[in-house]
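See structure below.
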Amino acid sequence: MGPATAQESGTPAAAGTPEWRHGLSLMGQPKYPAGFKHFDYVNPDAPKTGLLRLSVDGTFDSLNDIVPRGTPAGGLQLIYDTLMASAFDEVATEYGLLAEAVSYPADYSSVSYRLRPEAKWHDGQPVTAEDVVWSFEQLTKNNPRQAYYYSHVKKAEVTGEREVTFTFDQAGNRELPQIVGQIRVMPKHWWTGTNANGKPRDISQGTLEVPLGSGPYKVKQVTPGRAISFERVPDYWGKDLPVNIGTNNFAEQRYEYFRDGTVELEAFKGDQYDFRVETSAKDWATAYNFPAVKAGKVILEEFPDRASGSMQAFIPNLRRTKFQDQRVRRALNYALDFDGMNRTLFFGQYKRTASFFQNTELASSGLPQGLELEILESVKDKVPASVFTQPYQNPPDGGEEVRRANLREAAKLLREAGYEVKGGKLVNAQGEPLTIEILLANPAFERVALFYKPTLERLGITVNIRQVDVSQYINRLRARDFDMIITGWGQSLSPGNEQRDFWSTAAADREGSGNYAGIKDAGIDALIEKVIYATSRDELVAATRALDRVLLAHDYVIPTWNYPNTRTARWNRFSHPEKLPQYSFGFPDIWWWDAQKAAQTGGTQ
């Protein structure tokens, strides 16, 4: 195919007249026109130097993060490129990285990507359309979750010298062309070759052999289980692309591993790494009063999280009979003394979560109106009647009287569900005691579970808290071998096909899916499709609010807490653009080493 000009239009081409574009936006036009120089939020003159040291909790035993086997090292995304790259100041918009242009028909039934002729692997060989097809095939063959996510791609094929086309099994799914652009492309010639010992490589297995990439960094050094470092590729083929100008500014990025969270925090205080995100309210309130903070050598800063919403919760396993009665699940919510937990454990920093899309415009509130009401009316026979008359509310918070009233309500709901207390134990009609094992892998959650346990026991419920290592936890999660876990779901501002993985009947019994709870509900299945096939931003917001409202109405989870900001601590050696992008604080992508600050703070490159 001869050269074609990438267009700015966000309107798909008519059938038979492919129109090549420089970018994709799920709803509306891309902000940046064809031929743009760089993103507005970067410093195009940022110095390209310095060492960034980061920390990771746990360990690793593989440099292959494609397959769900073993524990892959952090930072491997640095060595690979994707077809498209996201912008931090737009919702669901991508611009060409490996691909110079993208085209799809008016019915969204397929998408074609044309690769840049200059794209190269680190060994100098070109990135080919065959690499893209092979990568897609290996990803979907060896990773069950990715296979499900891309299940609507009927085939991927080379359709030109530098062109690859993905054909979908359906039309009208506006998100499919864009999610295909997120596929990580890997070198077919390297993975199908042999290693230094002459042994054929196997992408389906873990490996500690340093993989070949095409991205801005390559692996510099590996200490298995303990550390991995990446060095910037000076002749990186894509360093002057508009999506890369002002990014990848550190000469080296190093990841240090720590088996213990307390040791990890102390290592930061001892200047053994540079930057940490603090997820513990207790540590944020008490652990950062050390000399380097007072001297200004360590900066504490919170950045607003505008790009995502989330639901973190105690999640009961609905596959187990004891949790299938909604009254039991609602009783467990009444038993959670969030106010006491917040004051005792979290220094009053948190708010109770009341949406699966918390802190975003996608969260439901009040009673449904307008387009959301229309959408709910269209599935009226499949959703609880309460969604039309009663907004979701968690049990009230307050002092001792409120806690006692909540406990009485919990006991009442359990009686209605057929339970009674005998000999201090809550039993069902068959005399079987209600027992709950809370499965944990994160030690930080143990005190949360321990706070919850006595209240449940006052109701006659037997509670066991089981702390296991990460690999055992992952295996039990995959096998659905748990009563209750504490985890959650992160959400973007543009929900779509991943909602099937989170909530759909099809995902409930599929190993490795994000449907931890085991939700199987026709109304939710129908609303997921409304989200995926939304044709405008207004419709997407309304459909998502309807989905949120119905998920909440079923009391599938016991919501915990949320915080609207990301808490960070950093040694003062870095700078960032004066105006950060709206949907990310951009670390480390658009930050850089500041030699003047580093000289005042101490430490070397």
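These values consider heavy atoms only, across backbone and side chains, with no hydrogens, waters or symmetry-generated copies.
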Is a side-chain donor-acceptor pair under 3.5 Å present for [Y] with [X]?
X	Y	value
Q182	E94	yes
D548	S355	yes
Q491	Q499	yes
K597	S575	yes
Y32	D89	yes
D501	S513	no
N244	Y236	yes
T353	N562	yes

Find out whether [X] and [Y] are in side-chain contact, i.e. whether some heavy atom of one side chain is under 4.5 Å from a heavy atom of the other.
X	Y	value
N359	D305	no
M84	L24	yes
L54	R254	no
L440	I486	yes
W489	W503	yes
Y583	L493	yes

Are [X] and [Y] close enough that their ring centers fall under 6.0 Å?
X	Y	result
Y104	Y113	no
Y273	F268	yes
F36	Y95	yes
F166	F136	yes
W237	W121	no

Near [X] [atom1], under 6.0 Å, is it more than 12 heavy atoms from other residues, nucleotides or ligands?
X	atom1	value
K218	NZ	no
K282	NZ	no
K351	NZ	no
K297	NZ	no
R447	CZ	yes

Closest non-hydrogen atom pair between [X] and [Y], with its separation:
X	Y	answer
P177	Y108	CG-CD2, 4.1 Å
P211	Y80	CB-OH, 3.5 Å
P588	Q253	CG-OE1, 4.0 Å
F230	L76	CZ-N, 3.9 Å
E100	P117	OE1-CD, 3.9 Å
Q178	S25	OE1-C, 3.8 Å

Q: Go through the steps for N497 and E175 under the test side chain to side chain donor-acceptor pair (under 3.5 Å), then give the verdict.
A: CA-CA 7 Å; N497 289 266; E175 192 184 25; 2.6 Å; yes

Give the ring-plane orientation class for Y41 versus F39, where under 30° counts as parallel, over 60° as perpendicular and anything between as tilted.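 Judged by the thresholds at 30° and 60°, the geometry between Y41 and F39 is parallel.
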
Does the salt bridge (charged side-chain N to carboxylate O under 4.0 Å, His left out) test come out yes or no for R537 and E539, once each step is laid out?
CA-CA 5 Å; R537 181 68 188 174; E539 186 179 347; over 6 Å; no

query: Looking at Y563, is R567 sitting on its ring face, NZ or CZ under 6.0 Å from the six-membered ring centre and within 45 degrees of the normal?
result: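 The answer is yes; both the distance and angle limits are met.
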
**Prompt:** Is NZ or CZ of R114 both nearer than 6.0 Å to the six-membered ring centre of W20 and within 45° of the ring axis?
**Reply:**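 Cation-pi check for R114 and W20: passes.
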
- Looking at D235 and K120, does any basic side-chain N land under 4.0 Å from a carboxylate oxygen?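 The answer is no: the pair does not qualify as a salt bridge.
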
Applying ring pair (Phe, Tyr, Trp, His ring centres under 6.0 Å) between F250 and each of F574, F275, W592, report the one that passes.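 Exactly one candidate clears the test, F574.
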
My understanding is that only one of Y350, F347, F338 makes a ring pair (Phe, Tyr, Trp, His ring centres under 6.0 Å) with W561; could you say which?
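Filter result, single survivor: Y350.
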
Next item on the list: Report the C-alpha distance between R226 and E256 in whole Å, list the side-chain angles of each, state the deciding distance to 0.1 Å, and finish with yes or no for side-chain contact (heavy atoms from CB on, under 4.5 Å).
Entry: CA-CA 6 Å; R226 293 178 54 195; E256 301 280 352; over 6 Å; no

TODO: Show the numbers, then the answer: is there a side-chain contact (heavy atoms from CB on, under 4.5 Å) between D260 and E264?
DONE: CA-CA 6 Å; D260 180 89; E264 185 177 6; over 6 Å; no

Checklist line | Chi angles and distances behind the side-chain contact (heavy atoms from CB on, under 4.5 Å) call for L241, L97 | finding: CA-CA 8 Å; L241 294 178; L97 180 49; 3.7 Å; yes

Requested in this report: For side-chain contact (heavy atoms from CB on, under 4.5 Å), just list the numbers for W284 and E302, CA-CA rounded to whole Å, side-chain angles, deciding distance to a tenth of an Å, and then say yes or no.
Outcome: CA-CA 11 Å; W284 190 246; E302 296 189 24; 3.2 Å; yes

